[in-house]
Every structure is written in C-alpha cells, then in structure tokens.
Amino acid sequence: MKKTFCIAKLAAAVLTTGMVAHGAALAQDAGNYPNRPIRLVVSQQAGGSSDTIARLWAEHAGKAIKGSIVVENKPGAGGIIAAQQVLGQPADGYTLMFGGVSQMVLNKFVYKPLPYDAEKDFTGVGMLTTVPFILVANPETGFKSLDDLVKYAKSHPDKLNFASAGLGNSTQLAVELLQKKLGVSMVHVPFKGEPDGVMATIGGQTQVMAPVVGTALPHIKAKKVVPLVVLAPKRLAELPDVPAANELGVKDFDYMGWSGIVARSGTPDAIIQKLNEATKAFHNSPEVQEKLKTMVVIPMSGPASQVMDVTKRDTAAWGPTLNTLNLSNK
C-alpha cells in the first residue's frame with residue numbers, strides 16, 4: 001500500500017513538473033512571439049466579405065507585430081471544419097480563427113452534437129466588425145413599410161415566404177426574431193448563400209429577406225427590392241429614409257452580424273494582449289476604414305474579452321428562440 005502511494009506521489013510530481021515546464025516554455029515563447037508565421041483560419045471561401053476583412057486584419061496586424069499572418073480558407077460545415085483546425089493545434093497563438101456569430105453562437109443550436117464548445121474552447125483576441133441587416137421586400141408585394149408587411153402577414157398567416165442564406169444562418173435568425181416580436185408567421189425558404197436568397201426575392205420565389213445592408217444596397221438603389229426597416233439601433237447614412245427598428249418600437253435589435261479573432265483557450269495572456277494591441281493597427285488604418293465603409297461594414301473595437309462577452313450575450317439573448325425553432329432537426 002505504501003509502495004503504491006509513493007508511485008502515485010511520484011507520478012503526480014512528474015505530471016506537475018511537466019505542466020510547469022510546459023507553462024514556462026509557453027511564457028518564454030510569448031516573449032519571442034512571433035518567431036514563425038501565424039495561421040489565420042477562415043471558414044468562408046476566398047473572395048467573400050469575411051475573407052476580405054480577415055485579410056485586411058492579417059496584413060495590418062502582421063505589420064504591427066513585425067510578423068507574417070497567413071490566411072487559410074477552410075470552408076464547410078458552418079465553420080466547424082475551421083474550428084477543428086484551430087483546436088487541433090497547440091494553444092500558442094500560432095493558429096487563430098476568424099470567428100463570427102455563426103461559429104461562436106448559432107452553431108450551438110444548429111449542429112447537435114457540436115464537436116466544440118465556443119465559450120470553453122476559445123478565447124477572444126479582438127473584435128473587428130459588426131454589420132446591420134435590412135428587411136427588404138419584392139416590389140410586387142406592394143409593401144412600402146414594415147407596417148404594410150405586418151398587416152398582410154397577420155391577415156394571411158404563412159402566406160409569405162422569406163429567404164435566408166441557409167438553415168441556421170443569421171439571415172434566418174434575423175427574421176425569426178422579428179416575427180416573434182411582431183406576432184406574425186412566415187415560411188422560411190433556405191438557400192445556399194445570401195446572393196441566391198436575394199435573387200429569389202427579386203424574382204418573386206420568396207417575398208422578403210433580411211440580408212446584410214452591403215449585399216442589399218445595389219438592389220435597393222436599382223429598385224429591385226424595397227427596403228422596409230433597418231435591423232439596427234439607428235438609421236444608416238447610406239439609407240437615411242429607411243427607419244431603424246428602434247424607431248418603430250421593435251427593440252433589442254443590436255447589430256446581429258459580427259466578426260472577431262479568436263484563439264484556443266489557454267493561449268498565454270501576453271500573446272493575446274500583443275495581438276489585441278496589433279488589432280488597433282487594423283482599426284486605425286485609413287485604408288481599412290475606407291474599405292469597410294464601401295462594404296457598409298462598421299468597425300467594432302475593444303478589449304480582447306469583448307469577443308467572448310458578446311458571444312455569451314448573444315447566446316443568452318437568442319437561445320430561447322433558437323431552441324424553439326428546432327433547427328438541427330429540420
């Protein structure tokens with residue numbers, strides 16, 4: 001019995017020594033960080049808005065830390081492939097993820113079981129952007145305002161179809177939450193992407209959709225769709241005549257689409273803070289500010305902790321509605 005106790009004690013001492021040594025090695029590496037290229041894994045295809053923002057961050061943050069940040073696109077499975085790529089690597093700050101509301105919040109309610117826990121497995125590096133959604137309608141509906149839509153939908157339940165960029169996508173969530181607040185019911189029609197959903201609404205296959213403003217704006221200007229309400233706290237400079245949800249008494253519509261940089265939990269604080277400081281170079285760049293403006297994307301800066309704070313906030317705020325939708329079984 002005594003011998004067994006001594007062996008267990010020795011094993012515990014070896015394990016503790018190994019953990020201390022590993023921690024010391026990471027701390028030492030943090031002081032030299034970065035001494036090799038950093039990978040930024042992006043869950044969207046190259047050329048899209050998320051990819052563009054990710055590459056802008058990689059360029060400007062890389063210069064700020066005097067290192068190289070290489071973007072790797074790993075699309076598929078709602079961002080699960082990208083998340084697993086990051087979580088399969090050491091928590092040393094050399095593999096990061098461009099994370100957004102889908103990977104950090106929505107996947108929990110869409111993919112069951114989800115092979116990661118966003119709140120436990122990741123830690124925030126820095127928030128990058130937020131983007132407003134806008135509810136638009138096909139002109140043939142005759143809708144000129146949100147009130148027009150509500151009146152019709154209440155007298156014709158489930159007669160209107162609304163498009164989204166895919167099951168569980170934030171373009172679906174935006175309309176689902178709006179329906180709950182307005183007391184109306186429409187039929188969801190998911191598409192493979194946001195452009196397909198917008199074209200279906202233009203063509204009359206669906207009657208309404210809530211894409212991001214940057215996607216909808218050219219079609220609004222061409223009068224191919226009618227803007228009804230901006231799902232944001234205030235009006236946008238690009239569409240000054242379109243009311244914001246708050247004005248119409250539809251509260252709690254903060255900017256729903258957001259993006260940030262995350263790392264594996266356990267990444268040394270010194271590395272996280274260094275990357276967060278480097279993120280300021282992204283936000284302070286006139287080139288970045290101009291590019292985001294043309295995309296109708298709003299910069300969102302703050303401490304590293306903000307990413308996880310927003311993740312927890314949105315999970316708590318939207319969870320009850322998402323659970324009632326039973327998205328994973330549709």
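As the structure is a prediction and not an experimental result, all values here were calculated from the model.
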key: Heavy-atom side-chain contact between Leu177 and Trp318 under 4.5 Å   = yes
query = Side-chain contact, heavy-atom cut-off 4.5 Å: Thr311 with Glu119?
reply = yes
request  = Kindly indicate whether the side chain of Phe98, heavy atoms from C-beta on, has any atom under 4.5 Å from the side chain of Val41.
outcome  = no
task = Sort out for me which residue in Val150, Val226, Leu160 forms a side-chain contact (heavy atoms from CB on, under 4.5 Å) with Phe143.
result = Leu160
cation_pi(Arg39, Tyr94) dist<6.0 Å, angle<=45 = no
query = Is any NZ, NE, NH1 or NH2 atom of the basic residue among Lys151 and Asp147 found under 4.0 Å from an Asp or Glu carboxylate oxygen of the other?
reply = yes
Check: Ala244 main-chain N/O paired with Glu247 side-chain donor or acceptor under 3.5 Å = yes
request  = Before accepting this row, confirm whether a basic side-chain N of the pair Glu287/Lys291 lies closer than 4.0 Å to the acidic partner's carboxylate O.
outcome  = no
ask   = Do Glu277 and Lys280 sit within salt-bridge range, that is, some charged N less than 4.0 Å from a carboxylate O?
value = yes
Check: Ile134 and Ile220 side chains under 4.5 Å, non-hydrogen atoms = yes
4.5 Å side-chain heavy-atom contact, Asn32 and Asn35 = yes
task = Verify side chain to side chain contact (heavy atoms under 4.5 Å, CB included) between Ile80 and Tyr116, making sure each step is shown before the conclusion.
result = CA-CA 8 Å; Ile80 293 175; Tyr116 67 89; 4.2 Å; yes
key: Ser265 side chain vs Phe122 backbone, donor-acceptor pair below 3.5 Å   = yes
ask   = Where do Tyr33 and Asp92 land on the side-chain hydrogen bond (donor to acceptor under 3.5 Å, both in side chains) test, with the steps shown first?
value = CA-CA 9 Å; Tyr33 181 87; Asp92 57 9; over 6 Å; no
ask   = Would you find more than 12 non-hydrogen atoms of other residues, nucleotides or ligands less than 6.0 Å from Lys251 atom NZ?
value = yes
Leu40 vs Glu72, side chain to side chain contact (heavy atoms under 4.5 Å, CB included): CA-CA, chis, key distance, verdict = CA-CA 6 Å; Leu40 176 62; Glu72 292 187 9; over 6 Å; no
